[in-house]
Amino acid sequence: MAQLTADRLLDGLSDAERGRAARVEAVLPALRDAAAGADAEGRFPVEHVARMRDAGLLGLVVPEEYGGLGGTLRDLAAATFAMGTACGSTALAYFFHNTSASRGLLPLEAIKAGLFEADEVPVVRAFAEKVLTRMAGGVWLANFASESVKSAGANISISTTATKVDGGWLLNGEKSFGCATGVADYYLTTARLDGTDTAAGLATFFVPRDAAGVGERPTWDALGMRATANQGITLKDVFIADDEALTLPGAFVRMLQVSRGSFVGNQLAISAVYLGAAQSAYDAALAATTGKAFADTGRPVASSPMHQVLFGDMTERLETAYLWIRRQLELETSEPPLRGKDDVFRQWRMAKGSITEACFDVAVGALKCTGTSGTANSGVIARAVRDTAMSLVMTFPAERGRLEAANLVTTGAENALFANVASTTTTAGKDH
């Protein structure tokens, strides 16, 4: 049986999963060949869109009944990991395209769970199916939720507004750091209905890339992932027809109730991008130091005590990342679920930081192993250092995740304690 890059991440791939992973494997050489040039130019290789489309990969996680490949989070993690070994920028942009599927899958799950009234179902179903069929049909969707505005009480704050007009809505605002700016066919955009200030007022819109009033923010000169086209967009009175939006009040909140994680969708797969980059750096360092010998002894450079220490540390950190991501994947895909949603969420808040910190450690270790020769910006290791550095801050840093996990643990314990005290007090009162 042919070895696939996905086998390095996942054990026991099913025949169907192997078939989907083989489609990914087929595009890796082209991604790898274009990686250095794309990074140097800071330009997303638009030719990759056709490659993905022709391979059916734009519908990787879309159910077969809607024309997709029927993949799951396991398939997406395997795909972003494999692409991450070839070109981290392409892998990241591809990840965000696939997160759009949550805007189709979660509404359908919420319908099954009875969270929508009978008169609401047709509207919700129509939008959900439009998301999925477009993806399966080869449409690239850019998922725009993030904004530069910050709030002390939330990870993501939405200030982009949607104002009702005849036949549709006018969008105004700015979306930052969304991959595939100027590349995607549609920007799947989250906005707040004008006059609302809670999550119940959040809505989703299909914004055509070339719609009147859509602009691009200045090109972002990033530390890492330079070829993702992630500068973001501006929206000035952009008209979106009613049937290209899901504006039902409270739909956002109800969809969240059936997710196992965040509404962004399948966030674990973003960590797999960085794990792929770390693995490529590790492999490059191993090849460089075992393939080069000391002039005086003839032994491989990798045999020196310093390199042995570095490889020991790198191997431990790499395995740490694999363990965290495999455990999180198990929690998010097992049927029936192994843990409740709160436990899965808490685990993810810790896992993301632990995975990405370990990946960065591996990349830095690879740099140390190869010395100045590994610092060429066009090289695999230098790119991995920059790309994994981005992982330390993307979405949230490890410190924030661990703080949130600690708050969840201690608040739960505190609530249980006070509940017990209240119960004891009540019983004592009855005794007297």
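Residues take their numbers from the sequence shown, with the count starting at 1.
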pair [X]-[Y]: side-chain heavy atoms closer than 4.5 Å:
X      : Y      : answer
Leu408 : Asp342 : no
Val238 : Phe205 : no
Leu58  : Met135 : no
Arg134 : Asp185 : no
Lys352 : Ser391 : no
Arg349 : Arg346 : no
Glu244 : Val207 : no
Phe311 : Leu286 : yes

State whether the side chain of [X] and the backbone N or O of [Y] hold a donor-acceptor pair below 3.5 Å, judged by distance alone.
X      : Y      : answer
Arg217 : Gln231 : yes
Ser14  : Glu17  : yes
Glu332 : Asn266 : no
Asp313 : Leu310 : no
Arg209 : Val183 : yes
Thr370 : Ala366 : yes
His97  : Leu141 : yes

Charged N-O contact under 4.0 Å between [X] and [Y]:
X      : Y      : result
Arg192 : Asp197 : no
Arg317 : Glu357 : no
Asp387 : Arg226 : no
Glu404 : Arg400 : yes
Arg254 : Glu117 : no

Just one of Arg386, Arg383, Arg32 clears the salt bridge (charged side-chain N to carboxylate O under 4.0 Å, His left out) bar with Asp39, so which one?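 Passing option: Arg386.
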Does the side chain to side chain contact (heavy atoms under 4.5 Å, CB included) test come out yes or no for Ile158 and Lys175, once each step is laid out? CA-CA 9 Å; Ile158 305 298; Lys175 291 294 183 179; 3.8 Å; yes
Let me see the working for Asp194 and Trp169 under side chain to side chain contact (heavy atoms under 4.5 Å, CB included), right down to the final yes or no. CA-CA 10 Å; Asp194 195 23; Trp169 302 81; over 6 Å; no
What is the distance from atom [atom1] of [X] to atom [atom2] of [Y], rounded to the nearest 0.5 Å?
X      : Y      : atom1 : atom2 : value
Gln347 : Ser354 : CD    : OG    : 9.0 Å
Leu28  : Thr90  : CG    : OG1   : 10.5 Å
Leu275 : Thr80  : CG    : OG1   : 9.0 Å
Asp242 : Thr247 : CG    : OG1   : 6.5 Å
Tyr66  : Leu105 : OH    : CG    : 8.5 Å
Leu323 : Leu318 : CG    : CG    : 10.0 Å

Hey, mind stepping through Glu319 and Thr315 against side-chain hydrogen bond (donor to acceptor under 3.5 Å, both in side chains) and telling me if it holds? CA-CA 6 Å; Glu319 288 302 320; Thr315 302; over 6 Å; no
Over all atoms of both residues, closest heavy-atom pair of [X] and [Y]:
X      : Y      : result
Tyr282 : Val362 : CB-CG1, 4.1 Å
Cys179 : Phe96  : SG-CD1, 3.6 Å
Val24  : Ala79  : CG2-CB, 3.8 Å
Val364 : Val385 : N-CG2, 4.3 Å
Thr356 : Ser271 : CG2-OG, 4.4 Å
Ala281 : Ala384 : CB-CB, 3.7 Å

Full working for salt bridge (charged side-chain N to carboxylate O under 4.0 Å, His left out) between Glu330 and Arg327: CA-CA 5 Å; Glu330 180 184 38; Arg327 175 56 174 166; 2.7 Å; yes
Do Asp283 and Gln279 have side-chain N/O donor and acceptor atoms under 3.5 Å apart? yes
Give a yes-or-no answer on whether the side chains of Thr181 and Tyr187 include a donor-acceptor pair shorter than 3.5 Å. no
Hey, what's the ring geometry for Tyr94 with Trp140, parallel, tilted or perpendicular (30° and 60° as the breaks)?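 Rings of Tyr94 and Trp140: perpendicular, as their planes differ by over 60°.
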For Phe127 and Phe206, I'd like to know if the aromatic rings sit close, meaning centre-to-centre distance below 6.0 Å.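 They qualify: ring centres under 6.0 Å apart.
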Residue pair Leu115, Glu109: steps toward the side chain to side chain contact (heavy atoms under 4.5 Å, CB included) verdict: CA-CA 9 Å; Leu115 298 181; Glu109 287 296 317; over 6 Å; no
Which is it for Asp15 and Arg18 under the salt bridge (charged side-chain N to carboxylate O under 4.0 Å, His left out) test, yes or no, and what are the steps along the way? CA-CA 5 Å; Asp15 289 343; Arg18 293 195 72 80; over 6 Å; no
If you count heavy atoms of other groups shown closer than 6.0 angstrom to NZ of Lys130, is the number above 12? yes
Does atom NZ (Lys164) have a neighbourhood of more than 12 heavy atoms from anything else shown, all under 6.0 Å? yes
Side chain to side chain donor-acceptor pair (under 3.5 Å) partner of Asn172, the single match among Thr234, Thr163, Asp237: Asp237
